Protein chains: 2
Amino acid sequence: MATADPVEAIIGKIRDRGGRATDARRATIRVLLNTGQSHLSAEDIVSQVKLQHPDVAESTIYRNLATLEELGVVEHVHLGHGPSTYHLTEDGHQHLLCERCGKVIEVPEETFAPLAEQLATTYGFRIHPRHFAIMGLCRRCQGQRRAH
Amino acid sequence: MATADPVEAIIGKIRDRGGRATDARRATIRVLLNTGQSHLSAEDIVSQVKLQHPDVAESTIYRNLATLEELGVVEHVHLGHGPSTYHLTEDGHQHLLCERCGKVIEVPEETFAPLAEQLATTYGFRIHPRHFAIMGLCRRCQGQRRAH
DNA sequence: CTGCTTGCAAATAGTTTGCACGTTC
DNA sequence: GAACGTGCAAACTATTTGCAAGCAG
C-alpha cells in the first residue's frame with residue numbers, strides 16, 4: 001500500500017479522474033478532515049482555508065467542493081434556511097434540526113430503515129434522506145410558545 | 001353564520017389581528033385557494049396575481065405570504081434546491097422528491113408516526129417534518145446510473 | 001505545450017429591506 | 001388621521017459563471 005495520508009488518498013482519486021493536485025484542493029480536503037463530521041458552511045471552509053492560503057478565492061472552494069461531491073467524497077446538507085453545509089461522506093447520518101434553538105442532532109441512518117421499507121413498498125420510492133434536515137423541536141424547546 | 005366565502009374567512013383572521021383587507025391580499029389568497037395543494041413558488045404566485053392586478057409588487061407578495069404563515073394559514077416547503085413553495089396549511093403531508101426526475105410524491109403524515117415516536121423516545125425530539133422534502137429516487141428512476 | 005485550475009469581477013437567483021406615498025379603519 | 005400596506009429600487013445572501021492568466025502533468 002502506498003500513502004497513509006488521507007489527504008493524498010483523496011488527491012489520488014482526483015488524479016485518477018484526470019484532475020490536478022493543487023494547493024487549494026489539498027487545503028480544502030484538510031479542513032474537511034480536521035473538522036470531521038462537523039457541519040461547515042462554504043464560508044466556514046473558505047475562511048479556514050484562507051488562514052493558510054489567503055489568496056484562494058471563494059469560487060475555487062465552491063468549485064472544489066463540487067468536484068469532491070462528484071467524487072463521492074463530500075456531501076452537502078441543508079440545515080434550515082441558511083447556507084448549505086458540507087462534510088465528508090462516511091457514516092450515513094440524518095440531521096434533526098430544532099427550529100427554535102437551532103440545535104442539530106445526528107441520528108444513525110438505521111433509524112430510518114422501517115420508514116424506508118414502508119415507502120419503498122407503498123410508493124416504490126427509495127429514500128436517500130440525508131440531503132435535508134428534518135425540522136422539529138428538541139426536548140428543551142418543547143412546551144414553549146411557538147416561533148419560527 | 002356570516003360569509004361562506006373562504007377568501008373572506010381568511011381576510012377575517014387578518015382583520016382580527018389588526019391587519020387590513022387589501023386587494024393584493026385577497027388576490028394572493030385566491031391564487032392559493034384555486035390551486036389547492038399544488039406547490040407554487042413565490043414567482044408562480046406573483047405571476048398569477050399579476051394577471052388580475054398587474055401593479056402588485058413581488059415584495060408585497062412575499063410580505064403577504066409571510067403574514068399568512070404567521071397566521072398559520074400558509075406553509076412553505078423546500079423541494080430540492082430551487083425556490084420555496086407555498087401552499088395552504090390543511091392536510092399535513094410530507095413530500096418525497098425524486099432527485100433524478102424531480103417528481104414530487106405526497107405522503108400522509110401518519111406514515112411518519114412510528115418514526116416520530118421512536119425519535120421522541122430516543123432523542124426527545126418532536127419532528128415536524130413537512131418543512132423539507134425527503135430526497136430519493138422514484139420507482140421509474142431507480143436502476144439507472146447515478147446523477148445529481 | 002495542452003488543458004485543467006485559479007483569481008477576480010461580474011452575474012445570478014431568491015428574497016428582504018428602506019423609504020416615501022397610498023389606503024384602510 | 002394614525003397605523004398599516006404598498007410600489008419601487010436597492011441591498012442582501014449564497015452561489016455560479018466568464019475570462020484571461022497560471023500551473024500541473
Side-chain angles (χ1 to χ4, degrees), chain A residues 7-8 10-29 39-47 49-50 52-71 74-86 131-133 148, chain B residues 7-8 10-29 39-47 49-50 52-71 74-86 131-133 148:
Chain A
V7 176
E8 293 310 316
I10 294 171
I11 288 288
K13 293 194 187 184
I14 291 176
R15 278 223 193 75
D16 292 348
R17 294 244 184 147
R20 274 89 204 264
T22 66
D23 283 357
R25 284 179 175 171
R26 273 190 254 259
T28 304
I29 295 165
H39 303 97
L40 300 178
S41 67
E43 216 199 330
D44 294 336
I45 296 170
V46 170
S47 51
V49 167
K50 282 195 171 173
Q52 314 295 325
H53 302 265
D55 290 341
V56 171
E58 300 201 352
S59 53
T60 299
I61 306 285
Y62 277 106
R63 284 190 271 229
N64 287 343
L65 287 170
T67 301
L68 292 168
E69 286 207 70
E70 276 161 35
L71 269 169
V74 160
E75 281 185 334
H76 75 276
V77 190
H78 304 270
L79 299 175
H81 284 175
S84 302
T85 63
Y86 298 80
H131 198 66
F132 283 90
H148 190 55
Chain B
V7 176
E8 293 310 316
I10 295 172
I11 289 288
K13 291 193 189 185
I14 292 176
R15 278 225 192 75
D16 292 348
R17 293 243 185 147
R20 274 92 205 261
T22 67
D23 284 355
R25 284 179 175 171
R26 274 190 253 257
T28 304
I29 296 165
H39 304 95
L40 300 178
S41 68
E43 217 199 328
D44 295 336
I45 296 170
V46 169
S47 51
V49 167
K50 282 194 171 175
Q52 314 295 324
H53 302 264
D55 290 341
V56 170
E58 300 201 352
S59 54
T60 298
I61 306 285
Y62 277 107
R63 285 190 271 230
N64 286 343
L65 287 169
T67 302
L68 292 169
E69 287 208 70
E70 277 162 33
L71 269 168
V74 161
E75 282 184 332
H76 75 276
V77 190
H78 304 270
L79 299 176
H81 284 174
S84 302
T85 62
Y86 297 81
H131 199 64
F132 283 89
H148 188 47

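Predicted model, so just to flag it, every value in this text is computed and none were measured. As a basis for the values below, the full set of heavy atoms in this structure was taken, side chains included, without hydrogen atoms, waters or symmetry mates. Chain letters run A, B, ... following the sequence lines, proteins first, then strands; residues in each count from 1.
- Nearest-nucleotide mapping onto DNA chain D: of G18(B) and A57(B), the residue sitting toward the 5' end is G18(B).
- Note that NZ of K13(B) and CG of L68(B) are 10.0 Å apart. Values are rounded to the nearest 0.5 Å.
- Of all heavy-atom pairs between D44(B) and H39(B), the closest is OD2-O, 4.2 Å.
- Taking the 5' to 3' direction, DNA chain D first and last meets chain A under 4.0 angstrom from a heavy atom at dA14(D) to dG25(D).
- For the pair T67(A) and R25(A), the minimum side-chain heavy-atom distance is below 4.5 Å.
- From R17(A), atom CZ reaches atom CG of L71(A) across 4.5 Å, with rounding to the nearest 0.5 Å.
- Look at CG on L65(A): it is 11 Å from P on dT6(C), rounded to the nearest Å.
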For a quick test of your reading: what N or O donor-acceptor pairs under 3.5 Å do the side chains of residues 53-60 of chain A make, sequence neighbours left out?
unit_1: S59(A); atom_1: OG; unit_2: R63(A); atom_2: NH2; d: 3.4

Check your understanding: Reading nucleotides 14-25 of chain C from the 5' end, what letters show protein touch, with B for base, S for backbone sugar-phosphate only, - for no heavy atom under 4.0 Å?
Key -> SBBBB-----BS

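- Partner of L40(B) under the side-chain contact (heavy atoms from CB on, under 4.5 Å) criterion, chosen from I45(B), T85(B), L65(B), V46(B): I45(B).
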Practice item. For I29(A) and N64(A), run side chain to side chain contact (heavy atoms under 4.5 Å, CB included): C-alpha distance rounded to whole Å, both residues' side-chain angles, the deciding distance at 0.1 Å, then the answer. Key: CA-CA 9 Å; I29(A) 295 165; N64(A) 287 343; over 6 Å; no

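- Y86(A) and H76(A) have tilted rings, their planes meeting at an angle from 30° to 60° on a 0 to 90° scale.
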